[in-house]
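Sending over a structure as C-alpha cells; questions will come in a sec.
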Amino acid sequence: MKMALETTASGWVGFGLAEMGRMPGADIVYYETSTNTLTDAYALGFTTPVSDSCQSWALVAAETVGGKMRVEMSRPLTNEDPSDRNFVDDSAWPLEPTKVIGAWGNTAAMQYHGASSRVQTSVRFFGSGGADPIASLNANAAASDFMSFLLRPSSASNGGSSYTLPAQKTDYKYFTYPLATALGVSNASAASAVHMVAAEAVVTSGNAAYVHHFVLEACTGSACDNNGQCDKLWAWAPGAPDFVLPAAAGIRLLGAGYNCLRIQTHYDNPALSSTITDDSGIRIYATKAGAALRGQDAGMVVMGDELVVEGLTLPAGYSSTEFQSGTCTSLFADSEVTVFAELLHMHAHGKAMLAQVERGGQVVRSARVDYYDFDAAGIFTNPSVGAGFKLQKGDVYRVKCFYDTQQQTNIVFGLGSEDEMCMSFLSYYPKQGGLSVADCSPNRDKSIQATTGASFVGGSYATVASLVGFGRVFADQSASFTCPPLPVLQQPTTTSAPPTTTPQPGMGSAVRMGAARWLTTAGALLAIVCAR
C-alpha cells in the first residue's frame, strides 16, 4: 500500500486503521517533521500510541511547502505482526468500508491533538464501492418494482405524534404499525407477497444521544396489541450500517402471516429530562405487491443471551461469560443456511467479544472484536462476513464476552443501558420456519455454560485475572513473531498529482504514486491519497 498524507499542520500527522472507528485497538503510523521520522505504532486506549517493535511502514518522501506538510509512505498490504492490521478487500458492498482515524498538530513531537485536529471516518482502499444500494433504491423507487415507507412515532397506530421521553434513565417503547396500512394494501393476509430488501435508521436531528437502539419486528397479532408471535427482522444501534439484503433473498412481509410491524425503541435519558421529544424511526424498502420476489426468504436469529438473563451480577474486576448453542441449529429444516450479517452487541462494560462456529468438535470459523467500544458504536458489524458464511444443522455457535467492572460494582445483566448484554444478531437465508426466540435463548439450551464449566442458569460468571485473559489478538506481545525485512522501494521516475476533479489541495512533488486517488478529506486539514 502506497499512501500519502497532506495537512495544514507543521509538526506532525498520524493515520490509523481503527477496529471500531476510534483509538482503542487502532494500528497507527505517524510522521514528525522535527526528526523526519515515520513511526509504526498502535493504541490500546485513548493514550499515546506505543511504538511497534516491528516497523512495517517505510518513509518514501516528505516535504513542507506553502504551509502544507506532505508525507508519502509504503507498507505491505498484509503481514503477521500482531500489532498491525491488514488492509483487506473493502472494494464494494457487501464488503464493509474500512474505519480509519487521523490527527495532526503543530508541536515538534506528537502529542494529544484535541477534538478540532482529528478525523474519524470510513473509506474504501480497494475500490469506489460502486453504487450505494440505498441511494439506488431511493433514486429508482418511482420507476421500479420497489417502494419505501417510514415508520416513526408520529405514524404509529399507538402514537400519532412525536414521542415525549419520560424522565427516567431507561425507557423501552414499542411502536406498532398495521402492515396493510404501511404497505398501502386493503388486506395484509390476502395481498400478494412482498419482500423487504433494505432498511435504514432515521434519527431525529439532535437526538442521537438518546436513541440507544431499534429492533424491528413483524408480528402475527391481528389487533397489533402485542399478543401475537413476533419475529425479529433487524437490529440497529448508533454506528451500525444500513441493512441491505443480498440479491438472493428478502424478508417476507406479506404472505407470511404477519399483520403488524413493531419497532422496539430503547431510549437513554441519563439527565432525566422531561422535555425531549423524538420522532426517530426506520425507513423500509420493499418490493411492490405483485412484483417479482427474491429467490429466498431471509430471517434473523439472535445467539448468546437472547432473552437477557436478568439479575445475574458480574464480579468486580475482569470477567467473562460464554453462551453456546447447538440446540438452535439442530432445529434447522435445511442442512445449512447462509449468514450474511453478524452484529455483535454488548454495553459499556464490554471490552472484547468472540463468536465461533464449531463443527464436529472443531472450530471452523472465528470472529472477534478485540477492543469493543460501546461509545463508538453500540453494535460491531463484523466486516469479515462479506458475501456470507455457512451455518450447518447441528453446528455449535459460541458467543464469549469479556467485561471490565473495575470502576463499578453490582453490574448485572439486564435491559438498562447501565446493565450488560452478550448477543450476536445473525441475518441469514433461507429462513427456517418455526424457529422461535426461545429456541436460541440460554434457558432453552441446557449446554449453555459460564467459562467455569458450571451451568450458566443459576451459576456464576468466570473471573479473569487480567486483561491478558481477554485473549486479544491485536497487539498481543506474548506472540512469537520475527520482524520481516522492509521491502526495497523502487522510486517512480515520474510525478503524479491527484485527479484534477478533486476540489481539495494537490499533494505536490512529494507524491510519486502513479494512479493515485482521493479517499477522504477533513475540511482540507487532512487529505489521504492511496495507490496499490
Residues two or more places apart in sequence or in another chain: which of them pass salt bridge (charged side-chain N to carboxylate O under 4.0 Å, His left out) with Asp419?
->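 Counting only residues at least two positions away or on another chain, Asp419 forms no salt bridge (charged side-chain N to carboxylate O under 4.0 Å, His left out).
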Does Tyr397 reach the side chain of Cys328, with side-chain heavy atoms less than 4.5 Å apart?
->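 Side-chain contact under 4.5 Å: no.
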ring-ring contact (aromatic ring centres under 6.0 Å, His included) partners of Tyr172, counting only residues at least two apart |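 Checked Tyr172 against ring-ring contact (aromatic ring centres under 6.0 Å, His included); matches are His213, His266.
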Among all residues two or more places apart in sequence or in another chain, which pass the ring-ring contact (aromatic ring centres under 6.0 Å, His included) test with Phe214?
->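 ring-ring contact (aromatic ring centres under 6.0 Å, His included) list for Phe214, sorted by chain: Trp236.
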Note: Asp404-Lys351 ion pair, threshold 4.0 Å (strictly below) =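 Not counted as a salt bridge, because no side-chain N and carboxylate O are separated by less than 4.0 Å.
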Taking all non-hydrogen atoms of both residues into account, name the closest pair between Lys431 and Asp231 and its distance.
->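 The answer is NZ-OD2, 3.4 Å.
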Sequence neighbours left out, what passes side chain to side chain donor-acceptor pair (under 3.5 Å) with Thr338? Give chain and number order.
->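 Counting only residues at least two positions away or on another chain, Thr338 forms a side chain to side chain donor-acceptor pair (under 3.5 Å) with Lys390.
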Check ring-ring contact (aromatic ring centres under 6.0 Å, His included) between His345 and all other residues, then give those that pass, not counting sequence neighbours.
->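 Testing His345 for ring-ring contact (aromatic ring centres under 6.0 Å, His included), a comparison that skips the adjacent residues, returns His347.
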Counting distance only, does the side-chain N/O of Ser424 pair as donor-acceptor with the main-chain N or O of Leu344 below 3.5 Å?
->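 Judged by distance alone, no pair lies under 3.5 Å.
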When you look at Glu418 and Thr170, which way does the side chain to side chain contact (heavy atoms under 4.5 Å, CB included) test go after all the steps?
-> CA-CA 9 Å; Glu418 69 280 5; Thr170 297; 3.7 Å; yes
Report the residues that fulfil side chain to side chain donor-acceptor pair (under 3.5 Å) with Ser273, sequence neighbours left out, ordered by chain and then residue number.
->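 Per chain and number, Ser273 pairs via side chain to side chain donor-acceptor pair (under 3.5 Å) with Thr275.
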Residues which pass ring-ring contact (aromatic ring centres under 6.0 Å, His included) with Phe243, listed by chain and number, not counting sequence neighbours |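 Listed in chain order: Trp234.
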Where do Thr164 and Ser162 land on the side chain to side chain contact (heavy atoms under 4.5 Å, CB included) test, with the steps shown first?
-> CA-CA 7 Å; Thr164 300; Ser162 295; over 6 Å; no
Residues which pass salt bridge (charged side-chain N to carboxylate O under 4.0 Å, His left out) with Asp171, listed by chain and number, not counting sequence neighbours |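 Here no residue qualifies.
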State the CZ-OH distance between Phe340 and Tyr429, to the nearest 0.5 angstrom.
->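 Phe340 atom CZ to Tyr429 atom OH measures 8.0 Å (nearest 0.5 Å).
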Gly281 backbone acceptor or donor facing Arg152 side chain under 3.5 Å =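 No: the side chain of Arg152 does not pair with the backbone of Gly281.
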CA sep, side-chain torsions, deciding dist, call: Met423, Phe323, side chain to side chain contact (heavy atoms under 4.5 Å, CB included) = CA-CA 9 Å; Met423 298 179 179; Phe323 303 95; over 6 Å; no
Mind checking what makes salt bridge (charged side-chain N to carboxylate O under 4.0 Å, His left out) contact with Asp242, not counting sequence neighbours?
->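 Once residues adjacent in sequence are excluded, Asp242 has no partner under the salt bridge (charged side-chain N to carboxylate O under 4.0 Å, His left out) criterion.
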Looking at residues at least two apart in the chain, or sitting in another chain, which of them share a side chain to side chain donor-acceptor pair (under 3.5 Å) with Tyr210?
->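 Once residues adjacent in sequence are excluded, Tyr210 has no partner under the side chain to side chain donor-acceptor pair (under 3.5 Å) criterion.
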Identified side chain to side chain contact (heavy atoms under 4.5 Å, CB included) partner of Glu342 from the options Phe389, Tyr428, Phe380 =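 Output: one option passes, namely Phe389.
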Say you draw a straight line from CD1 of Ile101 to CG of Asp27; how long is it, rounded to the nearest 0.5 Å?
->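 The distance works out to 9.5 Å.
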Start with the C-alpha distance between Leu261 and Phe149, add both sets of side-chain angles, then the distance that settles side chain to side chain contact (heavy atoms under 4.5 Å, CB included), and finish with yes or no.
-> CA-CA 12 Å; Leu261 292 174; Phe149 51 94; 4.0 Å; yes
For this output row, return yes or no: ring centroids of His212 and Phe374 closer than 6.0 angstrom.
->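 Ring centroids of His212 and Phe374 are less than 6.0 Å from each other.
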Any side-chain donor-acceptor pair under 3.5 Å between Gln168 and Tyr267?
->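 No - no donor-acceptor pair under 3.5 Å links their side chains.
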Which value, rounded to the nearest 0.5 Å, describes the distance between Ser319 atom OG and Gln406 atom CD?
->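 Atom-to-atom, Ser319:OG and Gln406:CD are 10.5 Å apart.
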Asn269 versus Ala167, closest heavy-atom pair with distance =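 Where Asn269 meets Ala167 most closely, the heavy atoms are ND2-CA, 4.1 Å.
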Can you check whether Gly25's main-chain N or O pairs, donor with acceptor, with Arg85's side chain at less than 3.5 Å?
->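 Judged by distance alone, yes, a pair lies under 3.5 Å.
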Distance-only donor-acceptor check, side chains Asp145 and Thr287, under 3.5 Å |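 No - no donor-acceptor pair under 3.5 Å links their side chains.
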Can you name the residues that form a side chain to side chain donor-acceptor pair (under 3.5 Å) with Gln120, not counting sequence neighbours?
->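 Partners of Gln120 under the side chain to side chain donor-acceptor pair (under 3.5 Å) test: none.
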Output yes when a side-chain donor or acceptor of Gln432 lies under 3.5 Å from a complementary backbone atom of Pro430, and no otherwise.
->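 Between the backbone of Pro430 and the side chain of Gln432 there is a qualifying donor-acceptor contact (under 3.5 Å).
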Thiol sulfurs of Cys260 and Cys219 closer than 2.5 Å =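 Answer is no, sulfur atoms not closer than 2.5 Å.
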Say whether Ser154 and Asp279, considering side chains only, have a donor N or O and an acceptor N or O under 3.5 Å apart.
->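 Result is yes, a qualifying pair exists.
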Over all heavy atoms of both residues, which pair between Ala43 and Ile28 is shortest? Give the atoms and the distance, please.
->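 The answer is CB-CD1, 3.8 Å.
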Is Gln407 atom CD crowded by more than 12 heavy atoms from other residues, nucleotides or ligands, each under 6.0 Å away?
->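 For Gln407, atom CD is not crowded (no more than 12 foreign heavy atoms under 6.0 Å).
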Arg252 and Asp297: salt bridge (Lys or Arg N to Asp or Glu O under 4.0 Å), yes or no, with the steps?
-> CA-CA 6 Å; Arg252 192 176 291 254; Asp297 287 339; 2.9 Å; yes
State which residues pass salt bridge (charged side-chain N to carboxylate O under 4.0 Å, His left out) with Lys173; sequence neighbours excluded, sorted by chain then number.
->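 Lys173 satisfies salt bridge (charged side-chain N to carboxylate O under 4.0 Å, His left out) with no residue once adjacent residues are dropped.
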is_close_aromatic(Phe402, Tyr372), centroid dist under 6.0 Å =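 Not under 6.0 Å, so no.
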Where Pro241 and Glu96 come nearest, the two heavy atoms and their spacing =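 Answer, listing the atom of Pro241 first, then Glu96: CG-OE2, 3.8 Å.
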Gln356 and Ser366: side chain donor to acceptor below 3.5 Å |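 Yes, because at least one side-chain N or O of Gln356 sits under 3.5 Å from a partner of the opposite role on Ser366.
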Could you tell me whether the side chain of Glu420 reaches within less than 4.5 Å of the side chain of Leu314, counting heavy atoms only?
->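 Counting from C-beta outward, Leu314 and Glu420 do come under 4.5 Å.
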Kindly compute the distance separating CG (Leu150) from CD (Glu200), expressed to the nearest 0.5 Å.
->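 Reported value, rounded in 0.5 Å steps: 8.5 Å.
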Return the minimal non-hydrogen interatomic distance between Ala286 and Val194, and the atom names on each side.
->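 Smallest heavy-atom distance, with atoms named: CB-CG1, 3.7 Å.
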Tyr403 side chain to Ala348 backbone, donor-acceptor under 3.5 Å =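 No; judged by distance alone, with no hydrogens or angles, the pair does not exist.
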Under a 4.5 Å cut-off applied to non-hydrogen side-chain atoms, are Leu426 and Val302 in contact?
->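 No; the side chains remain at least 4.5 Å from each other.
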Would you confirm whether His113, through its side chain, and Gly105, through its main-chain N or O, come within 3.5 Å as a donor-acceptor pair?
->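 Here the side-chain-to-backbone pair does not exist.
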Side-chain heavy-atom pair Ile379, Leu343 within 4.5 angstrom cut-off =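 Of all side-chain heavy-atom pairs linking Leu343 with Ile379, at least one is under 4.5 Å.
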Euclidean distance, Leu233 CG relative to Met300 CE, rounded to 0.5 Å |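 It is 8.0 Å, given to the nearest 0.5 Å.
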Residue pair Gly21 / Lys99: nearest heavy atoms and the distance that separates them |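 What the structure gives for the nearest pair is N-CD, 3.5 Å.
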Tyr174 and Thr265 side chains, donor-acceptor separation under 3.5 Å =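 Thr265 vs Tyr174: no donor-acceptor pair found between side chains.
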On the 0 to 90° scale, with breaks at 30° and 60°, tag the Phe125-Phe15 ring pair as parallel, tilted or perpendicular.
->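 Correct class here is perpendicular.
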Atom pair CE (Met421) and OG1 (Thr321), whose distance is rounded to the nearest 0.5 Å =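 Met421 atom CE to Thr321 atom OG1 measures 12.5 Å (nearest 0.5 Å).
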Does Ser157 reach the main-chain N or O of Thr176 with its side chain, forming a donor-acceptor pair under 3.5 Å?
->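 Indeed, once roles are kept as given, a pair shorter than 3.5 Å links the two residues.
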